[in-house]
Colleague: 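Submitted below is the structure of interest, expressed as structure tokens.
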Amino acid sequence: MTSADLVLPPTDQQTPTAALLQAPEAQVLELAIGDMHLLLEQHGYVIALYPSGIRPEHERRLHSIRSVLESDRIALVKVDLPPLGVAVLVRQLRQLSICDFSPGVVASAARLLSHYIYAGALLNSVAKLDRVPVSLKSHARSWVPGSQFAVLAGPEPQLIKVGPAAEPLAGPEFRTHLLVAQGQLQSDWVQEILAPAWKVQAVHDTRLPADSARWWGTGRLVEFAAHLPDLSVLYQLVSSVRRERCQWCEMELIGDRCAFCSAPLAAPENRRPSGGVLQLEAGERSGP
């Protein structure tokens, strides 16, 4: 992980922590290469998950380390989620890492699981928000004192002006927990209005990530992320997807692209015969 505040506390005693891949100004390249080499020696593979909003020099550092080590055991996975959503996804991959999935499946599961994270924020202004489409009308309303906006960045962008007659944000149709990070905006709207509307099973508070204000364009916000908390459900979700073998680096994967070498999945007529597909009964829950 590229920021310590994106490493959420584990949900149980089995969930491992995450290693910090520090920014260039915090660690010289030689030490960063040494740390990565040590991680590879200890664990065999490294999945480096980082947000799309990371500073360019930090992203170049990650690619430089992989290039110097000439390693095909390092997956660089860029995620287009708000900071709190990234933190949730990091914890989910940490949970899956103790299961019987191969490194390639765990790494490529990031794209799958990001579609099941409802990441958004309550904002006092959308004037500087450039991550989610904002209409001119909403921009104009940002200048009205006391205005608040509920914004969902993913899985589908949404934006509403909060008010008594406003329709709630369209939320998940499955059971979730809601993680809430309070910024400089003092409001109980997320806990008292959004959580009941989304029928979340539990609400948990956490610290606001340092990069949230930059991502959302304001420090006066409350960030939130609804997510699947149960490892057995995450396991079933990943297990239900057909596994393929990367034609380039031979890593196992799910989806249409290898997380380790970025090669796209070969066309069906060019694939080698697979060993089979795991079939799950409807409603069955498999455990690790």
Side-chain angles (χ1 to χ4, degrees), residues 1-10 15-99 101-115 117 119 154 209-212 215 225 227 234 238 246 248-264:
M1 196 59 246
T2 54
S3 177
D5 59 4
L6 298 182
V7 182
L8 296 171
T15 301
T17 187
L20 179 61
L21 304 177
Q22 299 189 55
E25 67 273 13
Q27 186 181 44
V28 298
L29 180 59
E30 290 76 10
L31 290 179
I33 293 172
D35 286 351
M36 180 66 78
H37 178 73
L38 182 60
L39 287 173
L40 290 172
E41 290 295 310
Q42 291 176 337
H43 304 286
Y45 294 86
V46 171
I47 301 171
L49 191 75
Y50 65 97
S52 58
I54 194 175
R55 290 185 295 115
E57 55 268 30
H58 200 167
E59 184 174 16
R60 287 195 297 268
R61 162 66 64 89
L62 298 176
H63 285 274
S64 297
I65 293 172
R66 186 172 66 175
S67 178
V68 169
L69 291 175
E70 298 182 337
S71 177
D72 57 0
R73 295 180 293 149
I74 302 173
L76 301 181
V77 183
K78 183 190 290 190
V79 182
D80 191 20
L81 283 172
L84 195 60
V86 174
V88 166
L89 183 57
V90 169
R91 184 165 63 183
Q92 289 179 335
L93 294 186
R94 288 158 54 198
Q95 290 176 283
L96 289 173
S97 70
I98 65 173
C99 301
F101 295 126
S102 67
V105 170
V106 174
S108 53
R111 292 181 64 192
L112 170 67
L113 297 180
S114 64
H115 294 292
I117 297 174
D211 200 41
S212 292
W215 202 98
H227 59 95
L234 296 174
V238 175
C246 178
W248 182 259
C249 71
E250 296 293 326
M251 291 295 291
E252 197 176 27
L253 63 96
I254 60 175
D256 60 1
R257 184 172 296 275
C258 177
F260 276 83
C261 72
S262 299

Colleague: Which is it for L40 and Y45 under the side chain to side chain contact (heavy atoms under 4.5 Å, CB included) test, yes or no, and what are the steps along the way?
Modeller: CA-CA 5 Å; L40 290 172; Y45 294 86; 5.5 Å; no

Colleague: Check salt bridge (charged side-chain N to carboxylate O under 4.0 Å, His left out) between D211 and all other residues, then give those that pass, not counting sequence neighbours.
Modeller: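 Residues passing salt bridge (charged side-chain N to carboxylate O under 4.0 Å, His left out) with D211: R214.
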
Colleague: By the salt bridge (charged side-chain N to carboxylate O under 4.0 Å, His left out) test, which pairs, at least two apart or in different chains, include something from residues 20-36?
Modeller: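 Residue pairs with at least one partner in residues 20-36: E25-R55.
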
Colleague: Atom CZ in R91, atom CG in L234: separation rounded to 0.5 Å?
Modeller: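 Here the rounded value is 10.5 Å.
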
Colleague: Supply the atom-to-atom distance Q92 CD to S97 OG, rounded to the nearest 0.5 angstrom.
Modeller: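 Nearest 0.5 Å value for the CD-OG distance: 12.5 Å.
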
Colleague: For P103 versus I47, what's the shortest heavy-atom pair and its separation?
Modeller: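 Where P103 meets I47 most closely, the heavy atoms are O-CD1, 3.8 Å.
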
Colleague: Looking only at non-hydrogen atoms, find the nearest pair between Q95 and C99 and report the distance.
Modeller: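 So the minimum-distance heavy-atom pair works out to O-SG, 3.9 Å.
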
Colleague: Does the side chain of L62 come within less than 4.5 Å of T2's, by heavy atoms?
Modeller: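 Yes; the side chains approach each other to less than 4.5 Å.
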
Colleague: When rounded to the nearest 0.5 angstrom, what distance separates SG in C246 from CD in E252?
Modeller: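 Between atom SG of C246 and atom CD of E252 there are 11.5 Å.
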
Colleague: Roughly how far, to the nearest 0.5 Å, is CE of M36 from CG of L31?
Modeller: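 So the gap between those two atoms works out to 13.5 Å.
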
Colleague: According to salt bridge (charged side-chain N to carboxylate O under 4.0 Å, His left out), does anything in residues 105-115 pair up with another residue at least two apart or in another chain? List the pairs.
Modeller: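 Sorted result for residues 105-115: R111-D256.
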
Colleague: Is there any ring-ring contact (aromatic ring centres under 6.0 Å, His included) pair reaching into residues 50-75, and which pairs are they, with sequence neighbours excluded?
Modeller: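 ring-ring contact (aromatic ring centres under 6.0 Å, His included) check on residues 50-75 returns no pairs.
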
Colleague: Roughly how far, to the nearest 0.5 Å, is OG of S102 from CG of L253?
Modeller: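 Interatomic distance, L253 CG to S102 OG, rounded to 0.5 Å: 8.5 Å.
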
Colleague: Which atom pair, heavy atoms only, marks the closest approach of R61 to A23?
Modeller: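 Distance-wise, the nearest heavy atoms are NH1-O, 4.4 Å.
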
Colleague: So, for L20 and A4, which heavy atoms are closest and what is the spacing to 0.1 Å?
Modeller: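 Smallest interatomic distance, heavy atoms only, reads CD1-N, 3.5 Å.
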
Colleague: I need the minimum non-hydrogen distance between G104 and M251, along with the two atoms involved.
Modeller: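 Heavy-atom minimum between the residues: N-CE, 3.6 Å.
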
Colleague: For R66, enumerate each residue passing the salt bridge (charged side-chain N to carboxylate O under 4.0 Å, His left out) test, keeping only those at least two apart in sequence or located in another chain.
Modeller: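 By the salt bridge (charged side-chain N to carboxylate O under 4.0 Å, His left out) rule, R66 matches no residue at all.
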
Colleague: Between atom OG of S114 and atom CG of L49, what is the distance when rounded to the nearest 0.5 Å?
Modeller: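 If we round to the nearest 0.5 Å, S114:OG and L49:CG are 9.5 Å apart.
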
Colleague: What is the minimum heavy-atom distance between L8 and R94, and which atoms define it?
Modeller: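 Nearest pair, atom of L8 first, then R94: O-NH1, 2.8 Å.
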
Colleague: Show every donor-acceptor pair shorter than 3.5 Å between a side-chain atom in residues 68-89 and any protein atom, with sequence neighbours excluded, or say none if there are none.
Modeller:
from	atom 1	to	atom 2	distance (Å)
S71	OG	R73	N	3.0
R73	NH1	G44	O	2.9
K78	NZ	E59	OE2	3.0
D80	OD1	S52	OG	3.0

Colleague: Might you work through the side chain to side chain contact (heavy atoms under 4.5 Å, CB included) test for C258 and S108, ending with a clear yes or no?
Modeller: CA-CA 7 Å; C258 177; S108 53; over 6 Å; no

